[in-house]
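Structure, as structure tokens:
Lettering follows sequence order; numbering is per chain, from 1.
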There are 2 protein chains.
Amino acid sequence: MELRHLRYFTVVAEERHFGRAAKRLQIAQPPLSRQIHALEAELGLRLFDRTRRGVVLTAPGTALLARSQAVFEALDQAITAAHRAQAGELGRVVIGYVASLAYVGIADVLRAFRAAQPEVELVVRELSPQEQLASLKDGRIDVGFVRGPVTDAGLTTAVARREPLVVALPNGHRLARRARIEVAQLAAEPFVIAPRARGPAYFDLLMGLCRTAGFAPRIVQEAPQLDLVSLVAAGFGVAIVPESLRKMGRPGLVLRPLVGAPHTELLIVWRTSDSSPALARFLELARRALK
Amino acid sequence: MELRHLRYFTVVAEERHFGRAAKRLQIAQPPLSRQIHALEAELGLRLFDRTRRGVVLTAPGTALLARSQAVFEALDQAITAAHRAQAGELGRVVIGYVASLAYVGIADVLRAFRAAQPEVELVVRELSPQEQLASLKDGRIDVGFVRGPVTDAGLTTAVARREPLVVALPNGHRLARRARIEVAQLAAEPFVIAPRARGPAYFDLLMGLCRTAGFAPRIVQEAPQLDLVSLVAAGFGVAIVPESLRKMGRPGLVLRPLVGAPHTELLIVWRTSDSSPALARFLELARRALK
DNA sequence: GCACCGCGATACCCAGAAGGTATCAGACGA
DNA sequence: TCGTCTGATACCTTCTGGGTATCGCGGTGC
């Protein structure tokens with residue numbers, strides 16, 4: 001069966017007259033008769049009782065007519081959904097993010113996007129920068145948020161936000177009295193830092209900073225990013241972190257500007273080849289929300 | 001768009017490969033490519049990203065695929081419904097019945113039919129025999145239950161049940177002491193009877209009975225059939241009724257066999273031209289339930 | 001009673017589109 | 001670099017959907 005059969009059947013059933021139905025369908029009456037016959041033959045059912053002054057539906061015809069509407073509606077919905085997906089209003093975006101963003105960035109982005117595109121399904125995965133790049137490549141996520149440069153071929157980045165680095169100190173720390181801190185003043189401090197494997201770009205950036213200031217940092221604890229500030233607050237050492245962590249309002253922690261340190265860049269990363277309209281919408285809104 | 005396009009699209013989407021899809025569809029690969037192209041052109045959407053080792057769905061393609069299933073399901077349901085209607089398992093039967101049957105016949109029939117064909121909608125209308133015949137002809141009801149012969153052209157009848165006539169007397173009536181009553185013994189009694197207009201056949205039958213016994217009945221009250229026995233119980237007079245009224249178990253009423261009276265026939269009536277399978281099923285089950 | 005009219009069915013033709021075969025173009029892997 | 005695998009293209013064939021002319025059959029009106 002083809003939709004043509006169902007369309008023709010519906011019109012004949014509504015008109016109760018082959019001639020009028022043919023006119024409405026912009027075809028001649030004989031081919032219409034033939035198509036209805038073909039439909040009846042395929043179903044093995046008589047759909048109409050042909051009388052002298054028109055046609056009446058049989059019981060199977062009545063049943064078919066009542067349910068044909070649902071077929072056309074389902075088709076309309078399918079087509080509409082395809083167009084909406086093209087417009088980025090429908091679909092699914094899987095997002096990777098680093099733990100340090102959980103408190104200060106992602107929530108705003110998700111909220112803004114959900115408000116704008118409520119029918120795009122959002123899935124978030126907390127992943128280290130390294131894991132994000134790998135997940136992007138094999139399609140487990142569609143977009144990632146990382147710090148530090150990304151040089152992978154096949155991935156495109158955009159700077160979502162630039163922010164200064166600051167020193168995180170435990171309350172009452174000797175340096176906490178100072179309004180701003182030089183990198184060299186940290187030479188003797190124990191450092192808490194995320195393992196290089198989780199984000200080599202950021203790790204190497206910090207190492208470079210210290211080396212430039214003339215020392216190699218004493219790393220007392222390598223912590224996943226999430227717990228980093230907790231360790232600092234607990235007095236294990238100091239850490240160099242993006243300024244936006246201030247928004248966490250974590251007690252027991254003091255943040256001081258780091259003089260001479262470069263700004264860090266929060267990057268949005270996605271597959272260059274990914275042409276999903278939902279992703280495009282997401283990128284657009286994410287960049288706006290993070291500005 | 002035709003269903004062919006959607007079928008082809010679905011298979012290509014599932015196989016992610018034009019060659020394999022074409023094999024599954026029993027056609028060659030080039031026409032399959034062409035049909036997909038035509039579908040994309042009609043929708044104004046790219047549904048697949050053609051890569052070197054196959055094909056991947058785009059966002060609109062994914063959306064369309066997810067909803068295509070619903071189209072095919074709706075179609076299956078429509079076709080199934082048509083076949084079930086043909087089998088008399090689906091549809092609608094509108095039933096007319098005389099009030100005297102409300103208590104002793106219809107309920108059994110409806111119960112039996114509903115149990116056997118729960119998805120056939122049953123509509124019942126209480127109508128006089130005359131109204132039933134008229135309603136049958138213009139399609140307001142599909143089947144009627146009446147007493148007395150029906151001679152209308154275009155209507156077919158079947159005897160659902162034959163039963164004797166009995167005399168209904170109020171409690172304590174002079175004749176109630178007798179085990180059986182002759183028609184002639186009623187000559188002096190006041191009669192309660194339904195108006196001729198509501199059922200001429202039955203009316204004429206009773207008149208004939210009395211005339212044969214040598215008297216013309218004294219009609220004190222013409223009541224719609226429903227209230228007939230109430231009037232008898234209230235002492236307005238006697239009535240001649242089908243024996244099945246005994247099942248009502250109405251207090252204040254005595255029923256006595258009427259000697260020499262013919263049996264009355266409960267008839268099922270329907271349009272000869274009506275070929276509704278649901279009606280056929282109903283007739284079959286009604287006759288069985290009334291046996 | 002007869003002719004006419006209105007309806008769907010049938011016969012036959014044509015054109016367009018679906019499907020087939022052969023082949024191309026490009027990317028990937030050996 | 002060549003072979004292979006992919007979908008696309010070119011071109012032909014076949015089938016079928018649609019057109020016109022006409023039929024058959026009731027019902028209707030004179």
Euclidean distance, atom CD1 of residue B:I27 to atom P of C:dT21 [Å, nearest integer]: 12 Å
Over how many whole Å does the gap from A:Q29 atom CD to D:dC23 atom P extend? 15 Å
A:R4 side chain N/O closer than 4.0 Å to the phosphate oxygens (OP1, OP2) of D:dG17? yes
Is A:Q35 close enough to D:dG17 that one of its side-chain N or O atoms is under 4.0 Å from OP1 or OP2 there? yes
A:R50 bridged to A:E40 by N-O distance under 4.0 Å: yes
Nearest to the A:R34 side chain among C:dG8, D:dG18, D:dG7, which nucleotide is it? D:dG18
Within residues 6-25 of chain B, the residues having a heavy atom closer than 4.0 Å to DNA chain D are B:H17, B:F18, B:G19
All heavy atoms of B:P277 vs all of B:A87, minimum pair found to be CB-C, 4.2 Å
Could you tell me whether the side chain of A:W270 reaches within less than 4.5 Å of the side chain of A:T157, counting heavy atoms only? no
May I ask you to decide whether B:D142 forms a salt bridge with B:R92, counting only side-chain N to carboxylate O separations under 4.0 Å? no
Would you call A:R161 and A:E265 a salt bridge, using N to O less than 4.0 angstrom? no
Which nucleotide wins on minimum distance to the side chain of A:P31, given the candidates D:dG18, D:dA8, C:dG20? D:dG18
Distance, rounded to the nearest Å, where B:H37 contributes NE2 and C:dA17 contributes C1': 17 Å
Of all residues at least two apart in sequence or in a different chain, which pass the side-chain hydrogen bond (donor to acceptor under 3.5 Å, both in side chains) check with A:S135? none
Using whole Å, report how far CD1 of B:I36 lies from P of C:dA18. 12 Å
Between CG of B:L39 and P of D:dA8 the distance, given in whole Å, is 13 Å
Figure out the CG/P separation between A:L32 and D:dG19, and round it to whole Å. 10 Å
May I ask you to decide whether B:R114 forms a salt bridge with B:E119, counting only side-chain N to carboxylate O separations under 4.0 Å? no
A:L39 versus A:Y8: any side-chain heavy-atom pair under 4.5 Å? no
Closest of D:dG18, D:dT20, C:dA22 to the A:A28 side chain is D:dT20
Without hydrogens or angle criteria, can the side chains of A:Q132 and A:S128 be said to hold a donor-acceptor pair below 3.5 Å? no
Is any side-chain heavy atom of A:F9 closer than 4.5 Å to one of A:F48? yes
Answer with base, sugar-phosphate or nothing: what part of the nucleic acid does A:E2 contact at a heavy-atom distance below 4.0 Å? nothing
Separation of A:L3 atom CG from D:dG17 atom P, in whole Å? 14 Å
For DNA chain D, what residues of residues 42-50 of chain B have any heavy atom nearer than 4.0 Å? B:R50
Within less than 4.0 Å of OP1 or OP2 of D:dA8, is there a side-chain N or O belonging to B:S33? yes
With DNA chain D as reference, determine whether B:G54 or A:Q26 sits nearer its 5' end, using the nearest nucleotide of each. B:G54
